[in-house]
Amino acid sequence: MSLPNMKKQKSGYYYRTRFTDSEGKKHQRYFSGFGTKKEAEAHYKKTSLEYEQGIKNETKINPGTFGEFIERWFNSSYKYSVAETTAYTN
């Protein structure tokens, strides 16, 4: 996989990535809120590696509880797409 084009916006950097899952279905994902281009590239490399190793597909294999799903979602996507104060607001 090559790095997607990292773009700058007012709130920081973002990128879009496209992939095809094991069932042949095409997907597009948008990740934003990175302070620097290097942070966005590091996130892309980490999530790409996890996807290739099957970590992203674990919900299809073992969905677990709703709470476990939300925790995985928060740690893998949400906290990178909003400000830290928003992510950790009670």
Side-chain angles (χ1 to χ4, degrees):
M1 282 184 171
S2 61
L3 285 174
N5 190 13
M6 306 293 167
K7 304 230 178 179
K8 178 116 172 88
Q9 58 186 13
K10 288 181 184 178
S11 62
Y13 284 86
Y14 74 94
Y15 69 90
R16 286 192 181 115
T17 185
R18 293 182 177 101
F19 62 94
T20 305
D21 65 18
S22 60
E23 298 171 355
K25 190 173 180 182
K26 295 184 180 199
H27 300 272
Q28 177 175 297
R29 295 287 186 261
Y30 175 85
F31 297 95
S32 64
F34 302 103
T36 65
K37 188 174 182 179
K38 286 187 178 190
E39 287 176 10
E41 289 173 352
H43 182 264
Y44 173 76
K45 289 175 184 176
K46 178 181 177 268
T47 54
S48 295
L49 182 62
E50 288 174 350
Y51 176 77
E52 289 172 7
Q53 293 175 346
I55 294 171
K56 291 292 182 184
N57 293 328
E58 72 181 65
T59 53
K60 290 184 178 180
I61 298 167
N62 180 13
T65 66
F66 181 71
E68 291 168 342
F69 167 77
I70 290 298
E71 187 174 338
R72 283 191 307 268
W73 168 77
F74 179 85
N75 289 325
S76 67
S77 298
Y78 180 72
K79 72 180 181 181
Y80 297 108
S81 64
V82 297
E84 184 176 353
T85 54
T86 302
Y88 294 103
T89 302
N90 289 333

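Since the structure is predicted, the reported quantities are computational estimates derived from the model, not experimental observations.
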With Ser11 via side chain to side chain donor-acceptor pair (under 3.5 Å) - residues at least two apart: Gln9

Compare all side-chain heavy atoms of Glu41 with those of Tyr13 and state whether any distance is below 4.5 angstrom. no

Rounded to the nearest 0.5 Å, the CE atom of Met6 sits from the CZ atom of Phe31 at a distance of 10.5 Å

Just jot down the side chain to side chain contact (heavy atoms under 4.5 Å, CB included) partners of Lys25, sequence neighbours excluded, or say none. Asp21, His27

Classify the angle between the aromatic ring planes of Phe34 and Tyr15 as parallel (below 30°), tilted (30 to 60°) or perpendicular (above 60°). parallel

Closest non-hydrogen atom pair between Asn5 and Lys7, with its separation: ND2-CE, 3.4 Å

Using the side chain to side chain donor-acceptor pair (under 3.5 Å) criterion, which residues pair with Tyr14? Sequence neighbours excluded. none

Answer yes or no: does atom NZ of Lys38 have more than 12 heavy-atom neighbours from other residues, nucleotides or ligands under 6.0 Å? no

